[in-house]
*Asks:* 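Quick one: structure below, then a few questions.
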Amino acid sequence: MEQSNPYSSPRSDVSRPAAGLVDTTNPFDPKGRFTRLSWLAWNLVLGVLMMIAVFGLMGLGVVAMPEPEANEALPLFMGIGLLIPQILFLVVYLLLAIRRFHDLNAAGWWSILLIVPLANLVAVLVLAFKRGDATANRFGPPRPTPSWERVVGIISIVFMVVGLVGGIIAAIAMPALMEYQSAAMGH
C-alpha cells in the first residue's frame, strides 16, 4: 500500500501522449491551467465587474442617503456592502492565479504571494511574463486560449502599457505643472 501526502500538489497522468489533450475545465476550477492571455483577460473582466459592483453600491448609498444625519447606520452597512465584493474579488483572483501557476508547473500555493506586499509585485510579473508549459505537465494538459480571451487579454496589455506610459508622463509633468501653478498664483 502506497502512502500519499495529502499536502502534495495534484498530479496528472502525463504518461499518455499529449496529442489532442486539452484542458476543458471551468475557468473557476483551481485544478486547470491558464495561459498568460487567459489570465490577463479574466483579470480585466474581474476588475471591470468589481468596479461596477463598487460604483453601483456607492451609487445606491448616495441615493439612499440624501441626508447622512437621517440614518447613522447606513455608512456601516455601506462599508460592509463594499467589503463583500472585495472579498469575492480576492477569492476569484487567487483562483485565477492558481491556474496560472499550474501552467508554469508550479504549485497553486504560490498564489499566496499575491497577498504579501512587495512579493506580490514579483509574483504578478512572473505570472504576466513567464511562458507556461507547451505540453502536459503535472497539472494536466494545456488549455487553449479562446479567441475572446485573446482579444480581451491584448486589450488588458494595451491598458497596462497606456497606464504605465501615462503614469511616467504624469510623474515627469507634475513638478512643472505645480511650478507653473505656483507662479501663476503669484507665490
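Basis for what follows: all heavy atoms, side chains included, without hydrogens, waters or symmetry-related copies.
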*Asks:* What is the distance from atom OG1 of Thr35 to atom CZ of Arg150, rounded to the nearest 0.5 Å?
*Replies:* 7.0 Å
*Asks:* Could you tell me which non-hydrogen atom of Leu44 sits nearest to which non-hydrogen atom of Phe159, and how far apart they are?
*Replies:* CD1-CD1, 4.0 Å
*Asks:* Any heavy-atom pair between the side chains of Leu127 and Leu114 that's under 4.5 Å?
*Replies:* yes
*Asks:* Are the ring centres of Phe28 and Trp42 closer than 6.0 Å?
*Replies:* yes
*Asks:* Do Tyr93 and Val91 belong to the same hydrophobic cluster, where Ile, Leu, Val, Met, Phe, Trp and Tyr are linked whenever their side-chain heavy atoms lie under 4.5 Å apart, directly or via other members?
*Replies:* no
*Asks:* Search all heavy atoms of Pro142 against all heavy atoms of Asp133 and return the closest pair with its distance.
*Replies:* CB-O, 4.4 Å
*Asks:* Answer yes if Val151 and Val48 sit in the same cluster of Ile, Leu, Val, Met, Phe, Trp and Tyr residues linked by side chain heavy atoms under 4.5 Å apart, and no otherwise.
*Replies:* yes
*Asks:* Which atom names give the shortest non-hydrogen contact between Arg143 and Ser38, and what distance separates them?
*Replies:* NH1-OG, 3.1 Å
*Asks:* Measure the OG-CH2 distance between Ser111 and Trp109 for me, rounded to the nearest 0.5 Å.
*Replies:* 8.5 Å
*Asks:* What are the two closest heavy atoms between Ala123 and Phe101, and how far apart are they?
*Replies:* CB-CZ, 4.5 Å
*Asks:* So, taking the atom named CE in Met174 and the one named CD1 in Ile172, what distance separates them when rounded to the nearest 0.5 Å?
*Replies:* 12.0 Å
*Asks:* What's the spacing between Leu94 CG and Phe89 CZ if we round to 0.5 Å?
*Replies:* 9.0 Å
*Asks:* Just checking Leu118: does its CG atom have more than 12 heavy atoms from other residues, nucleotides or ligands closer to it than 6.0 angstrom?
*Replies:* no
*Asks:* Transitively linked via ILVMFWY side-chain contacts under 4.5 Å: Leu121 with Val124?
*Replies:* no
*Asks:* Examine Leu40 and Val165 and state if one hydrophobic cluster contains both, with Ile, Leu, Val, Met, Phe, Trp and Tyr joined whenever side-chain heavy atoms are less than 4.5 Å apart.
*Replies:* yes
*Asks:* Verify the cluster assignment for Met51 and Val45: are they in a single hydrophobic cluster under the rule of side-chain heavy atoms below 4.5 Å apart?
*Replies:* yes
*Asks:* With heavy-atom distances below 4.5 Å as the criterion, would you say the side chains of Trp39 and Arg99 are in contact?
*Replies:* no
*Asks:* Could you tell me whether the side chain of Gln86 reaches within less than 4.5 Å of the side chain of Met50, counting heavy atoms only?
*Replies:* yes
*Asks:* Are any side-chain N or O atoms of Arg100 and backbone N or O atoms of Phe34, one a donor and one an acceptor, separated by less than 3.5 Å?
*Replies:* yes
*Asks:* Quick one: sort the His102 and Phe139 rings into parallel, tilted or perpendicular, breaks at 30° and 60°.
*Replies:* parallel
*Asks:* Working to the nearest 0.5 angstrom, can you tell me the gap between Asn137 CG and Asp103 CG?
*Replies:* 7.0 Å
*Asks:* Within the 4.5 Å heavy-atom criterion, are Glu149 and Leu37 side-chain neighbours or not?
*Replies:* no
*Asks:* Where do Ala106 and Trp110 come nearest, in terms of heavy atoms and distance?
*Replies:* CB-CD1, 3.9 Å
*Asks:* For Ala53 and Pro85, work out which heavy atoms get closest and say how close.
*Replies:* CB-CB, 4.2 Å
*Asks:* Considering only heavy atoms from C-beta outward, does the side chain of Leu113 approach that of Val122 to under 4.5 Å?
*Replies:* no
*Asks:* Can you tell me how far apart CG (Asn120) and CG (Leu125) are? Round to the nearest 0.5 Å.
*Replies:* 9.5 Å
*Asks:* Indicate yes or no for a side-chain donor-acceptor contact from Arg33 to the backbone of Gly132 under 3.5 Å, with no hydrogens or angles considered.
*Replies:* no
